[in-house]
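Quick notes on the structure that follows.
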Amino acid sequence: MKFFRQHDLLQRGLVMFLLLAILLIGQAIILPGINPEIAHATLAKRTYLGLLGISVGGQFKLPTIFTLGLGPYMTGLIVWQAISALDLEGINRLSLSQTGYLQKIITLVLAILQSSQIVRYLQPALVSGTQIGGFSFNKTFVSASAMLILIAGSMLTVFLGEFNADKGLGGISVLILPGIILGLPQLLQKGWKLHHYPLTHYHLLVAAGLTLLVVIIFIMLLQIELRIPVQNPFLIDAGRQSYLPFRLLVAGSMPFMFSATIFTLPRSIFKSSLDHNGGHWLLQLTNPQTGIGILMYGIVLMFLSYAFGLITIQPLKLAKQMKENDEYLINVFPGVYTSRYLMQRFLGMATIGGFCLVGLGVTPLIIGLYAPGFENFTLYFGSVVILITIMQSLIDQVRALYTRQQYQIF
């Protein structure tokens, strides 16, 4: 025990791997009363579910205990950040514990909604007369029990993530790592499920080279930031300046995390009805192999860059906090002028950063028009980008813990 107390980094690493093992085991336990073959065939038709599962650490190939993964939690976190961005007085007065309870309630509500949708998709796979403990149950009971297990599994995943944030490494987001890493070959081969990208030696060599290029470019983009000088005349060292950092990629990898899901969702849900009702033009909007479809995907990426960036930075709230802390921007009046200035700088960085993400996401789609299968690199690159941000956060925490252990006063 003394050894572990002296090596906090090792202890946290073991906790992280233990929790990841629990997550992987839970994702292999199929829900009772479900026909696996029919369930797999049914869920495979929902392209957006597979893409969402890889992004949020879920398992949508088969219905398992941890099928939902961190989906409800991450969606709830976005909802809560959007509410916080409204700068409502009642919300600002909440304590940390009250905020935590509200976030969990939002997560629970979303877990109920998402689990009910999954169970609805799984109706053809439900086995009537399922035997559990010598008792026979009908489809209604199997549906209800499956929904409860999915909800409980989602909340348990959140608990594991919070426990890892407290005792492990990488925070809650590290639970997404297994799904992303295991899903990379699938995304590269099947991707949009329009064309197959064969994993021959040549194709693997191309993928490795492009992956290295994307990693280098994205890491460089993550380091670019706009530093806005800030001064506080009431501090003792008033002549010393600090600054507000506005990163070029203000939204990080969040646009890639949800862009493919949002883009394919209408097509997955309404395809059959649109085909019968003359909605061919709408299907073209969500087809990544048409010019208009590529344009729409770029618009989705750009919109998410602004939306997630605004939630992250919150320029108006930031200007209010500066005023309360007696801080001001050089050559800019406090109040409305500061808010306007920060919003302009945010829009400038979000626009440039958004175009960088659009270029990364749209280029493979354009090449895919002439080389079928290459469009899968859009989804593949998106997962690589998400993986980079998670790994960078993990590395930063490991470096900080290592430095703390090595630090000596004398």
If only atom types and distance count, is the side chain of [X] paired as donor or acceptor with the main-chain N or O of [Y] below 3.5 Å?
| X | Y | result |
| --- | --- | --- |
| Asn35 | Leu126 | no |
| Thr67 | Gln27 | no |
| Gln98 | Ser95 | yes |
| Ser305 | Leu301 | yes |
| Thr363 | Leu360 | no |
| Gln397 | Ser393 | no |
| Gln123 | Val119 | yes |
| Gln314 | Ile311 | yes |
| Ser145 | Val142 | yes |
| Glu375 | Gly373 | yes |

With rounding to the nearest 0.5 Å, note down the distance linking [atom1] in [X] to [atom2] in [Y].
| X | Y | atom1 | atom2 | result |
| --- | --- | --- | --- | --- |
| Leu68 | Leu156 | CG | CG | 12.0 Å |
| Ile388 | Ser383 | CD1 | OG | 11.0 Å |
| Ile65 | Ile25 | CD1 | CD1 | 10.0 Å |
| Ile176 | Leu20 | CD1 | CG | 11.5 Å |
| Tyr243 | Ile330 | OH | CD1 | 14.0 Å |
| Leu24 | Phe66 | CG | CZ | 10.0 Å |

Contact summary for [X] and [Y], nearest pair of heavy atoms:
| X | Y | answer |
| --- | --- | --- |
| Ile149 | Pro32 | CD1-CD, 3.8 Å |
| Thr290 | Asn287 | OG1-O, 3.0 Å |
| Thr157 | Leu175 | O-CD1, 3.6 Å |
| Val250 | Gly309 | CG2-CA, 3.8 Å |
| Asn376 | Leu187 | CB-O, 3.5 Å |
| Leu318 | Ile313 | CB-O, 4.4 Å |

Begin with the C-alpha distance, continue with both residues' side-chain angles, and end with the deciding distance and a verdict on side chain to side chain contact (heavy atoms under 4.5 Å, CB included) for Arg399 and Ile395.
CA-CA 6 Å; Arg399 185 184 294 116; Ile395 292 172; 3.6 Å; yes
Any side-chain heavy-atom pair of [X] and [Y] under 4.5 Å:
| X | Y | answer |
| --- | --- | --- |
| Leu177 | Met391 | yes |
| Leu357 | Leu221 | no |
| Val174 | Leu19 | no |
| Pro364 | Tyr380 | no |
| Thr338 | Tyr328 | no |
| Phe246 | Leu342 | yes |
| Met343 | Leu316 | yes |
| Leu14 | Leu18 | no |

Open item on the list: Suppose the criterion is ring-ring contact (aromatic ring centres under 6.0 Å, His included): which pairs have a residue in residues 203-227, not counting sequence neighbours?
Closed with: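 Applying ring-ring contact (aromatic ring centres under 6.0 Å, His included) to every pair that reaches into residues 203-227, excluding sequence neighbours, yields Tyr197-His203.
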Start with the C-alpha distance between Ile78 and Phe308, add both sets of side-chain angles, then the distance that settles side chain to side chain contact (heavy atoms under 4.5 Å, CB included), and finish with yes or no. CA-CA 8 Å; Ile78 294 171; Phe308 285 120; 3.4 Å; yes
Quick one, Leu222 with Arg247, criterion side chain to side chain contact (heavy atoms under 4.5 Å, CB included). Give me CA distance, side-chain angles, the key distance, then yes/no.
CA-CA 7 Å; Leu222 285 176; Arg247 293 166 51 190; 3.2 Å; yes
query = Should we count CZ of Phe355 as having more than 12 external heavy atoms under 6.0 Å?
reply =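 No, the 6.0 Å shell around CZ holds no more than 12 heavy atoms from other groups.
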If only side-chain N and O atoms count, and only distance matters, is there a donor-acceptor pair under 3.5 Å linking Tyr297 with Ser259?
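Side-chain D/A pair, Ser259 to Tyr297: present.
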List in chain and number order the residues that pass ring-ring contact (aromatic ring centres under 6.0 Å, His included) with Phe381, two or more places apart in sequence or in another chain; answer none if no residue qualifies.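 Partners of Phe381 under the ring-ring contact (aromatic ring centres under 6.0 Å, His included) test: Phe377.
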Exercise for the section: Walk me through it: do Met322 and Leu244 pass the test side chain to side chain contact (heavy atoms under 4.5 Å, CB included)? Expected result: CA-CA 11 Å; Met322 290 181 61; Leu244 288 175; 3.7 Å; yes
